[in-house]
Amino acid sequence: LLACYCVQAAPLEQGPMLGHVGSQEIRVWVRASAPASLGLMVSPSSNMEGATLYEGPSLEVQTDFNGHVRATGLTPSTRYHYAVVLDGKPVMSAPYPSVMTAPLEGTPTHLRFAFGSCVGHHGSLAAAAWGQMASDPSIELLLMLGDNHYADSTDADVQRAAYYDHRGVAGFRALSSRSSGIGIWDDHDFGPNDSDRTSEGRSESLRTFQSMWANLAYGQSDHPGIYHHFQRGDIDFFMLDDRYYRWPNRSEDHGDKTMLGARQWAWLKSGLKASKAKLKFIASGSEWQKNGHLDS
């Protein structure tokens, strides 16, 4: 009798979920079931003929085996098919998901995007909405504007479990495999209800967020946070961080009380002033009005 021992790749637990999709790059988030090196095969061919392999990070226990990989040097406005690779072995089969890269920055474009927030305490509560969006192939971009789960904790394990619950819904899986998904947070997915810069564990929340979202950027190199800016053709998006630097809602206001913090506020004003885009969208997890509720 002959015994055959084959080394298997760690199974793909969740994903692939598209993150930032630029004119020359795509980013993809996955979760494996065990430690593994992450890679991504990308090809303009539906059968992955002539695919290019892009190497990503090692998925380790510290991040619960999740992370994201970046494919670069792509052609604008071009459809690419992709497949996840773990430990050098493909873990997906045909038909492979595909995505259209964004048009070159500054060029006229037509874009249809969706946005949502407050998805509920359990993934099943938003299943109908995800199913409806998954059936609409015209949605190129999905903006998740906070309360993307209700962990109400800064503990990484608690937050991840809440993320996995929502990302396991079939409609969300289908939508996120072909539409770029960009996230920011609000209170319930940053920490407890109405949480702010005084929340214990806010740095851990930031590390968890950076692992779970394949955004283009997170704050500035010398100023942490999740705020960032990206372009789709001649459209600019300014994604804000309304929690990391937020003063407590009930703190007294002596003219310096802030939701964004001085650096982020200056970054936003400077970016808007410099923008040449025909359309500019500002995305915030909290209401921007003084006549709303306490958390506005």
Side-chain angles (χ1 to χ4, degrees), residues 17-28 70 72 74-80 98-119 129-130 132-148 172 175-186 209 213-220 223 225-244 258-261 263-292 296:
M17 184 184 84
L18 284 168
H20 173 71
V21 174
S23 61
Q24 301 175 64
E25 69 168 294
I26 63 171
R27 302 183 185 212
V28 177
R70 179 186 179 207
T72 60
L74 306 181
T75 303
S77 301
T78 302
R79 181 161 297 279
Y80 287 93
S98 68
V99 62
M100 183 80 74
T101 51
L104 195 65
E105 287 76 8
T107 59
T109 186
H110 176 274
L111 173 67
R112 188 156 190 252
F113 69 92
F115 60 93
S117 65
C118 306
V119 296
W130 297 134
Q132 182 180 13
M133 282 191 274
S135 67
D136 186 347
S138 70
I139 297 175
E140 299 178 49
L141 172 66
L142 172 65
L143 303 181
M144 296 297 294
L145 304 183
D147 292 346
N148 303 314
F172 183 84
L175 175 66
S176 63
S177 69
R178 61 167 176 78
S179 298
S180 171
I182 309 297
I184 55 176
W185 58 27
D186 199 29
F209 182 95
W213 291 98
N215 289 348
L216 176 62
Y218 316 88
Q220 296 167 274
H223 195 248
I226 65 165
Y227 63 95
H228 69 284
H229 157 259
F230 69 93
Q231 293 177 268
R232 296 280 296 201
D234 56 356
I235 306 172
D236 274 354
F237 291 88
F238 295 87
M239 312 296 290
L240 301 184
D241 184 339
D242 67 336
R243 294 292 162 180
Y244 205 79
T258 177
M259 177 161 61
L260 302 181
R263 283 282 301 274
Q264 183 181 183
W265 180 229
W267 167 87
L268 176 61
K269 290 190 291 184
S270 175
L272 288 170
K273 184 177 181 180
S275 172
K276 306 299 184 184
K278 288 184 178 179
L279 284 174
K280 305 171 185 64
F281 290 96
I282 302 175
S284 169
S286 287
E287 296 179 7
W288 274 27
Q289 59 167 322
K290 62 182 180 180
N291 296 317
S296 299

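Values reported hereafter were calculated over all heavy atoms of this structure, with side chains retained and with hydrogens, waters and symmetry mates removed.
Looking only at distances, a side-chain donor or acceptor of S176 sits under 3.5 Å from a matching main-chain atom of F172. Side-chain N or O atoms of Q264 include one that pairs as donor or acceptor with a backbone N or O of D241 at under 3.5 Å. Checking side-chain atoms of T101 against main-chain N and O of G22 turns up no donor-acceptor pair under 3.5 Å. A distance-only check finds no donor-acceptor pair linking the side chain of D242 to the backbone of M259 [under 3.5 Å].
Taking the six-membered ring where tryptophan is involved, the planes of F113 and F115 are tilted, since the angle between them lies from 30° to 60°. By the 30° and 60° cut-offs, the orientation of the rings of W265 relative to W288 is perpendicular.
When all heavy atoms are compared, the tightest approach of M239 to I182 is CE-CG2, 4.1 Å. Scanning both residues, A134 and R178, for their nearest heavy atoms gives O-NH2, 2.8 Å.
Residue pairs meeting the side-chain hydrogen bond (donor to acceptor under 3.5 Å, both in side chains) criterion with at least one partner in residues 103-112, sequence neighbours excluded, are S23-E105, R112-D136, R112-S138.
Residue F281 places its CZ atom among more than 12 non-hydrogen atoms of other residues, nucleotides or ligands, all under 6.0 Å distant. The environment of CD in Q220 is crowded: more than 12 heavy-atom neighbours from other residues, nucleotides or ligands sit within 6.0 Å.
For W185 and N148, the side-chain atoms include no donor-acceptor pair closer than 3.5 Å.
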